[in-house]
Amino acid sequence: QVQLVESGGGSVQAGGSLRLTCTASIYTRGYCMAWYRQAPGKEREAVATSSGSGRTTYSPSVQGRFTISKDNAKNTLTLEMNSLKPEDTAMYYCARGRSSVNCGAVTGVGAWGQGTQVTVSS
C-alpha cells in the first residue's frame, strides 16, 4: 500500500508562489499522478495530472500558472504554483492513479495523501 505525504503548503499573499511536494513510500514510475484541491463546500477537483508517460494536463483555472513535475528516481511529485489568487485557497491533495492514465477523475485514483492547506490572501 503506497503512502503519499504532502508538504509545502502555507499562507501567501495574492501574486505569490508556493511549491508543494508529495513523497511516495514506494515507486510511482509508470503511474498517473495528480494534484487535487478541495475548497470548503466544494467538490474535490483535479488541478494537474502527469500520466505514466509524462503527459501533463491542467485545469483551465490554473493553466499557465501551475506546473506539475515528477521525479521517478526520488518518488516525488511537485506542484509549482505561481501568481496565486485567493480562489486558489483550498486543501491540496496528492493522488496516485490506479493505472498509467486517467487519474484526473476521482474514480481513477487509487491512493490519496492527507492533504496540505494553501491559503491565499488578497
Side-chain angles (χ1 to χ4, degrees):
Q1 182 84 13
V2 64
Q3 291 185 328
L4 305 172
V5 178
E6 301 97 336
S7 61
S11 297
V12 65
Q13 289 192 327
S17 299
L18 283 173
R19 174 188 288 184
L20 305 183
T21 300
C22 170
T23 302
S25 59
I26 60 174
Y27 68 90
T28 56
R29 184 186 297 273
Y31 281 91
C32 185
M33 300 289 294
W35 285 99
Y36 280 73
R37 68 185 180 188
Q38 187 167 20
K42 294 189 176 181
E43 292 186 355
R44 192 170 295 193
E45 62 170 350
V47 295
T49 70
S50 180
S51 73
S53 64
R55 180 177 179 271
T56 58
T57 65
Y58 296 92
S59 166
S61 63
V62 308
Q63 180 77 48
R65 299 188 297 121
F66 290 11
T67 302
I68 188 172
S69 60
K70 287 192 292 187
D71 187 330
N72 290 322
K74 296 182 179 179
N75 293 332
T76 59
L77 182 73
T78 299
L79 186 69
E80 295 274 1
M81 304 186 295
N82 298 312
S83 302
L84 283 161
K85 305 174 181 180
E87 51 263 44
D88 294 319
T89 295
M91 185 72 77
Y92 283 71
Y93 297 91
C94 175
R96 193 186 81 168
R98 300 181 186 278
S99 70
S100 63
V101 295
N102 298 329
C103 62
V106 172
T107 53
V109 174
W112 296 95
Q114 83 289 350
T116 185
Q117 179 68 38
V118 171
T119 302
V120 184
S121 58
S122 57

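We number each residue from 1, following the sequence as shown. Just so you know, these numbers use all the heavy atoms, side chains as well, and skip hydrogens, waters and symmetry mates.
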Taking all non-hydrogen atoms of both residues into account, name the closest pair between [X] and [Y] and its distance.
X: Leu4; Y: Cys94; value: CD1-O, 3.8 Å
X: Ala111; Y: Val2; value: CB-CG1, 3.4 Å
X: Thr23; Y: Thr76; value: OG1-CG2, 3.9 Å
X: Ser59; Y: Ala46; value: CB-O, 3.7 Å
X: Gly10; Y: Leu18; value: O-CD1, 4.0 Å
X: Thr49; Y: Gly104; value: CG2-CA, 3.7 Å

Rounded distance (nearest 0.5 Å) linking atom CE of Met33 with atom CG of Leu79: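 Taking CE in Met33 and CG in Leu79, the distance rounds to 12.0 Å.
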Gap between atom CD of Gln63 and atom OG1 of Thr57 - 0.5 Å precision: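 Rounded to the nearest 0.5 Å, the OG1-CD separation comes out at 9.0 Å.
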Fellow cluster residues of Tyr27, listed by chain then number, with links counted only when side-chain atoms sit under 4.5 Å apart: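 Hydrophobic cluster check, Tyr27: joined to Tyr31.
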Single-linkage hydrophobic cluster, 4.5 Å side-chain cutoff, Val5 and Ile26 together: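 Not linked; separate clusters.
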ILVMFWY cluster, Val106 and Val101 together (side-chain gap under 4.5 Å):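 In one cluster with Val106: Val101, no.
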Considering only residues two or more places apart or on different chains, which pairs with a residue in [range] satisfy salt bridge (Lys or Arg N to Asp or Glu O under 4.0 Å)?
range: residues 93-120; answer: none
range: residues 102-121; answer: none
range: residues 104-122; answer: none

Flag if over 12 foreign heavy atoms under 6.0 Å of CD, Gln3: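 No, because the 6.0 Å sphere around CD of Gln3 holds 12 heavy atoms or fewer from other groups.
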By side-chain hydrogen bond (donor to acceptor under 3.5 Å, both in side chains), which residues pair with [X], not counting sequence neighbours?
X: Ser7; result: none
X: Thr78; result: none
X: Ser99; result: none
X: Ser50; result: none

Donor-acceptor under 3.5 Å (Glu6 side chain, Gln114 main chain):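 Such a contact is found between Glu6 side chain and Gln114 backbone.
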Lys70 side-chain N/O to Ser51 backbone N/O, donor-acceptor pair under 3.5 Å: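 It does hold such a pair.
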Pair listing, ring pair (Phe, Tyr, Trp, His ring centres under 6.0 Å) test, anchored in residues 96-122, at least two apart: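 Every ring pair (Phe, Tyr, Trp, His ring centres under 6.0 Å) pair that includes a residue of residues 96-122, provided the two are not neighbours, is Tyr36-Trp112.
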Pairwise ring pair (Phe, Tyr, Trp, His ring centres under 6.0 Å) hits with a residue in residues 40-93, at least two apart: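 Residue pairs passing ring pair (Phe, Tyr, Trp, His ring centres under 6.0 Å), neighbours aside: none found.
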Residues 115-122, side-chain donor-acceptor partners within the protein, below 3.5 Å, at least two apart:
unit_1, atom_1, unit_2, atom_2, d
Thr116, OG1, Gly9, N, 3.2
Gln117, NE2, Ala90, O, 3.4
Gln117, NE2, Thr119, OG1, 3.4

I'd like a table of donor-acceptor pairs (distance under 3.5 Å, sequence neighbours excluded) in which one partner is a side-chain atom from residues 80-88, with atom names and distances.
unit_1, atom_1, unit_2, atom_2, d
Glu80, OE2, Arg19, NE, 2.5
Glu80, OE2, Arg19, NH2, 2.6
Asn82, OD1, Ser17, OG, 2.8
Asp88, OD1, Arg37, NH1, 2.9
Asp88, OD1, Arg65, NH2, 3.0
Asp88, OD2, Arg65, NH1, 2.8
Asp88, OD2, Arg65, NH2, 3.4
Asp88, OD2, Lys85, N, 2.8

